[in-house]
Amino acid sequence: MNMLKKIISSILILPISSFFLISCNNIDKDAKRLAEVQCQALSLIEKNKSLPALDVSLIEQAKELHTQITDLKDELSKKYTSESDRQKLATLVSEYTSACNK
């Protein structure tokens with residue numbers, strides 16, 4: 001259980017601001033991609049909370065989500081560099097991610 005908590009914490013602690021590197025043509029698309037993975041991580045956490053015991057498959061899922069987030073972060077950091085694009089992406093990701101919590 002402790003390992004799962006560490007993995008999930010790593011997923012959520014990754015600073016969103018480091019992801020916010022944007023191109024005007026693809027800001028919406030990239031924001032949706034990032035938010036989708038973040039929503040999957042949030043869903044995994046909620047699923048874990050509802051289980052009476054640790055599900056080992058959740059650890060594997062958490063590891064995969066962590067890899068996806070890390071890869072996406074690396075991709076976006078190379079793709080986008082302007083501060084204005086970073087702000088646009090941050091705003092969109094926040095909007096899309098808040099929608100998955102409802």
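What you see is a predicted model; the values in this text were computed from it and never measured.
From Ile27, atom CD1 reaches atom NZ of Lys88 across 4.5 Å, with rounding to the nearest 0.5 Å. Note that CG of Leu65 and CD of Glu60 are 11.5 Å apart. Values are rounded to the nearest 0.5 Å. Summarising the geometry, atom CD belonging to Gln68 is positioned 9.0 Å from atom CG belonging to Leu72; distances are rounded to the nearest 0.5 Å. Atom-to-atom distance recorded for Gln38:CD and Gln40:CD is 10.5 Å, nearest 0.5 angstrom. Here OG1 of Thr97 is found 7.5 Å from CG of Leu42. Values are rounded to the nearest 0.5 Å. Atom OG1 of residue Thr81 and atom CG of residue Leu76 lie 12.0 Å apart, to the nearest 0.5 angstrom.
Between the side chain of Ser43 and the main chain of Cys39, no donor-acceptor pair closer than 3.5 Å is present. Distance alone, capped at 3.5 Å, is enough to place a donor-acceptor pair between the Thr67 side chain and the Lys63 backbone. Not one N or O on the side chain of Ser94 forms a donor-acceptor pair closer than 3.5 Å with the backbone of Thr91.
With salt bridges taken as basic N to acidic carboxylate O contacts below 4.0 Å, none links Glu36 and Arg33.
Every residue meeting the side chain to side chain donor-acceptor pair (under 3.5 Å) condition with Ser57, not counting sequence neighbours, appears here in chain and number order: Asp55.
Here the closest non-hydrogen pair linking Ala31 and Leu92 is CB-CB, 3.5 Å.
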